[in-house]
Amino acid sequence: MSQLTATRKVAIVGAGAVGSTIAYACQIHAVASTIALYDIDFAKVNAQVLDLRHGSMFAPPVTIVGSDRVAVCADADVVVITAGARQRPGQSRMALAGRNVALCHELVPRLLEVAPEAILLPVTNPVDVITTAVLEASGLPAHRVIGSGTVLDSSRLRALISERAGVGVPSVRAYIAGEHGDSAVPLWSGAYIGSVPVSDWVAGGVRVFTDQVRGDIARAVTAAAYEVIAGKGATNYAIGLAMAHLLEVILRDQRLILPVSSLVEDFHGITGTCMSLPRLVGRAGAGAVEPVVPAPEEIEQLRCSAAQITKACRDLRL
Ligand code: 6V0
């Protein structure tokens, strides 16, 4: 474990499918020296902690603690928020907004009392609305509230492009931006396989990523969570890995460009909305938006996506 890791604590609120899998991914990757789980359900949080600790012989030395008391989050460097209702099969993320916003209003001041220096990382859905609520309830500067945003969606997009092209995922660079939800926007104009724009990629002299194929991929990304939830009730593995990666980027100040949800100011006419755009992320939190110039139709889609998030927030008086 590096010296940096040795001094870091990650607290995870909600020890359900998502929170416990984030903890597991963090344990395996030694993202922090201490992983704390907080859940109102004592039996569940206790069981998750025991189960994680029982694997310690096969994992890096990480301290894992858990409680139904918020004090277990004390002095965390980052607090990940996964508490709240999740989608039922066929239900949209936006349907969860009212309940989960109320939960955040109650939770966030208590978290900041015990972890006043923490970066807050909301994962609970609808994550862009929840990021807005956490920003409001915390009174923190915008860079310290980082929604998981479309980090997971972008990973799904890259996996699908990689499969079609027959090229490993690390050689694919592509982002989903906007809402983590039904109005998500694939930024095809900035998508590359190696140094070739995705739309120019050929196999056997034929363009692979036609309008039809790109449309199919975009629909598959949007439908992905519905498909997984229909089959097993929750999504957990990919979000677990995605958040362990994001936490590593923050705690080790890796300064990577990631599509996290954060307050957008003055981006092609979008202002005052929390949504995902590729941004610099490091120990200081969410940094500047990449100076990307999306295609005109993508800008239009991003404006529509922002409008949907803003409307959902207004409906909840955020
Ligand atoms: P889950 O398995 O029901 O776990 C939620 C946990 O929260 C339960 O253990 C509850 O006891 C706990 N909880 C509820 N209220 C509180 C509270 N006030 N304080 C502490 N703990 C509390 O749900 P799951 O883990 O599957 O999903 C959690 C949230 O993550 C949902 O809103 C999902 O929609 C969302 N996801 C977000 C993703 C993203 O990419 N942003 C991806 C997957 C799921």
Side-chain angles (χ1 to χ4, degrees), residues 11-25 36-49 66-73 79-111 114 120-131 133-134 137 145-157 176 178-182 184 221-222 224-229 231-247 258-262 274-276 309:
I12 301 168
V13 184
V18 173
S20 61
T21 312
I22 294 173
Y24 182 54
L37 280 166
Y38 164 55
D39 198 294
I40 47 171
D41 182 337
F42 175 76
K44 185 192 268 186
V45 71
N46 188 46
Q48 298 285 26
V49 168
S67 175
D68 58 352
R69 289 170 183 249
V70 75
V72 75
C73 303
V79 179
V80 184
I81 301 173
T82 77
R86 68 179 184 204
Q87 293 160 269
R88 290 191 296 276
Q91 191 180 32
S92 86
R93 294 176 180 90
M94 280 297 187
L96 308 171
R99 263 186 299 165
N100 288 348
V101 163
L103 183 152
C104 286
H105 279 151
E106 183 272 329
L107 184 64
V108 166
R110 293 196 292 119
L111 288 171
V114 298
L120 302 183
L121 205 166
V123 176
T124 299
N125 274 319
V127 76
D128 304 289
V129 175
I130 296 300
T131 302
V134 170
V145 179
I146 309 177
S148 58
T150 51
V151 174
L152 171 58
D153 316 55
S154 299
S155 169
R156 287 173 174 149
L157 176 68
I176 298 270
E179 182 201 0
H180 168 61
D182 299 340
V221 171
T222 310
Y226 291 102
E227 191 180 348
V228 176
I229 289 167
K232 65 173 204 168
T235 62
N236 61 322
Y237 293 121
I239 185 67
L241 286 169
M243 290 308 96
H245 176 68
L246 177 54
L247 286 161
L258 290 172
V260 292
S261 185
S262 185
C274 287
M275 67 177 215
S276 291
I309 298 164

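Note that the structure is predicted; figures quoted are calculated from it, not measured. Just follow the structure's listing: the first ligand is 1, and inside any ligand the first atom is 1.
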Determine whether more than 12 heavy atoms belonging to other residues, nucleotides or ligands lie under 6.0 Å from atom CD of E227.
-> no

Which is it for L152 and ligand 1 at heavy atoms under 4.0 Å: side chain, backbone, both or neither?
-> side chain

Atom 7 (O) of ligand 1: which of A15, A83, A17, P122 has the nearest heavy atom?
-> A83

Specify side chain, backbone, both or neither for N125, according to which of its non-hydrogen atoms lie closer than 4.0 Å to ligand 1.
-> both

What's the spacing between R86 CZ and T124 OG1 if we round to 0.5 Å?
-> 12.0 Å

Taking everything shown except R69 itself, do over 12 heavy atoms lie less than 6.0 Å from its CZ?
-> no

Quick one: side chain to side chain donor-acceptor pair (under 3.5 Å) partners of R99, sequence neighbours excluded?
-> none

Scan V18, V123, L37, L120 and name whichever one has a side chain to side chain contact (heavy atoms under 4.5 Å, CB included) with V80.
-> V123

For ligand 1, indicate whether the residue A242 contacts it via side chain, backbone, both or neither (heavy-atom separation under 4.0 Å).
-> neither

Heavy-atom proximity to atom 40 (O) of ligand 1, picking from H180, R86, M243, points to H180

How does R93 reach ligand 1, by side chain, by backbone, by both or by neither, if only non-hydrogen atoms under 4.0 Å count?
-> neither

Please state which part of N236 comes within less than 4.0 Å of ligand 1, counting heavy atoms only: side chain, backbone, both or neither.
-> neither

For ligand 1, which atoms, with element, lie under 4.0 Å from some heavy atom of G84?
-> 5 (C), 7 (O), 14 (C)

Could I get the full list of side chain to side chain donor-acceptor pair (under 3.5 Å) partners for S276, not counting sequence neighbours?
-> T150

Where on V151 is there a heavy atom closer than 4.0 Å to ligand 1, on the side chain, on the backbone, on both, or on neither?
-> neither

